[in-house]
Undergrad: 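Questions regarding the structure given below will be posed in turn.
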Amino acid sequence: HRVAGPELLAALRPLAPCPPGDAVITPAFRLPDPVRHVVHAVGPRYGVDEPAGELLQSAYHAALRRCDEVGASSVAFPALSTGAFHYPLWDACRLSIDALISATTSVTSCVLVAFDGKTERFWHRALSAR
């Protein structure tokens, strides 16, 4: 939000609230090229929003649908719901890989952004298991 500028929050406000399992998309505003859009995917709060696994996969699918709507061919994902929403990391990584592989989309490149080594190892393990 800081890099994109205040326009990002202004564009996001009319789209709120976005329920768990869904996603909305905004322009990227001041983010550097090649970023043209920001997908705001909402995963479930673990232990609160149920069925958590279905909602998590739905958030990834919804994000890809938003990408398709704007003709995006690539997207980058963090491990949705694993931070403040406390989704167990291994389960989230496994479910995200399953969701991305099973999705029907025109997106040809998904970059998984791991903010720590443990997330990276779990994503590698989930990919290897497929």
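This one's a predicted model, so the numbers in the text were calculated from it and none came from an experiment.
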Undergrad: How long is the gap from CZ on Arg121 to CG on Leu89, to the nearest 0.5 Å?
TA: 9.5 Å
Undergrad: Under a 4.5 Å cut-off applied to non-hydrogen side-chain atoms, are Cys67 and Val39 in contact?
TA: yes
Undergrad: Do the side chains of Phe29 and Leu9 join up, straight or via other hydrophobic residues, at under 4.5 Å, putting them in one cluster?
TA: no
Undergrad: For Ala23 and Ala62, which heavy atoms make the closest approach, and how far apart are they?
TA: N-CB, 3.7 Å
Undergrad: Could you tell me whether a side-chain N or O of His86 sits under 3.5 Å from a main-chain N or O of Ala84, the two making a donor and an acceptor?
TA: yes
Undergrad: Please report the closest heavy-atom contact between Phe115 and Pro78, naming both atoms and the distance.
TA: CE1-CB, 3.7 Å
Undergrad: Using atom types as modelled and distance alone, determine if a side-chain donor or acceptor of Ser128 lies under 3.5 Å from a backbone N or O of His124.
TA: yes
Undergrad: Heavy atoms, side chains only, cut-off 4.5 Å: are Leu112 and Leu100 in contact?
TA: yes
Undergrad: Does atom CZ of Arg2 have more than 12 heavy-atom neighbours from other groups under 6.0 Å away?
TA: no
Undergrad: Can you get from Val107 to Ile101 by hopping between Ile, Leu, Val, Met, Phe, Trp and Tyr side chains that sit under 4.5 Å apart?
TA: yes
Undergrad: I need the minimum non-hydrogen distance between Tyr60 and Leu80, along with the two atoms involved.
TA: OH-N, 3.1 Å
Undergrad: Taking the side chain as everything from C-beta on, heavy atoms only, tell me whether Thr82 gets closer than 4.5 Å to Thr119.
TA: no
Undergrad: Tell me, please, which residues at least two apart from Arg125 pass salt bridge (Lys or Arg N to Asp or Glu O under 4.0 Å).
TA: none
Undergrad: Of all the heavy-atom pairs spanning Pro19 and Val42, show the shortest one and how long it is.
TA: O-CB, 3.7 Å
Undergrad: Less than 4.5 Å apart, any side-chain heavy atom of Leu12 and any of His40?
TA: yes
Undergrad: If we only count heavy atoms from C-beta on, is the Arg94 to Pro88 side-chain gap below 4.5 Å?
TA: no
Undergrad: OH of Tyr46: more than 12 outside heavy atoms within 6.0 angstrom?
TA: no
Undergrad: So which heavy atom on Ala99 is nearest to which on Gln57, and how close?
TA: N-NE2, 3.6 Å
Undergrad: Grab the two heavy atoms, one from Trp123 and one from Ala114, that are nearest each other, plus how far apart they are.
TA: CZ3-N, 3.8 Å
Undergrad: Transitively linked via ILVMFWY side-chain contacts under 4.5 Å: Leu127 with Leu95?
TA: yes
Undergrad: Do Asp22 and Arg66 meet the salt-bridge criterion of a basic N to acidic O distance under 4.0 Å?
TA: yes
Undergrad: Using side-chain heavy atoms (C-beta onward) and a distance below 4.5 Å, is Phe85 in contact with Pro44?
TA: no
Undergrad: Under the criterion side-chain contact (heavy atoms from CB on, under 4.5 Å), I'd like the reasoning laid out for Val38 against Leu31: C-alpha separation, chi angles, the key distance, then a yes or no.
TA: CA-CA 9 Å; Val38 175; Leu31 288 172; 3.6 Å; yes
Undergrad: Nearest 0.5 angstrom please: Arg13 CZ to Leu8 CG, how far?
TA: 10.5 Å
Undergrad: Rounded to the nearest 0.5 Å, what separation is found between the NZ atom of Lys118 and the SG atom of Cys93?
TA: 9.5 Å
Undergrad: So, does Asp68 use its side chain to make a donor-acceptor pair with the main chain of Ser106 at under 3.5 Å?
TA: yes
Undergrad: For a quick check under 3.5 Å, do Thr26 and His37 share a side-chain donor-acceptor pair by atom type?
TA: no
Undergrad: Are Phe77 and Cys110 side-chain neighbours, meaning at least one heavy-atom pair lies under 4.5 Å?
TA: yes
Undergrad: Is there side-chain contact between Thr104 and His61, with heavy atoms separated by less than 4.5 Å?
TA: no
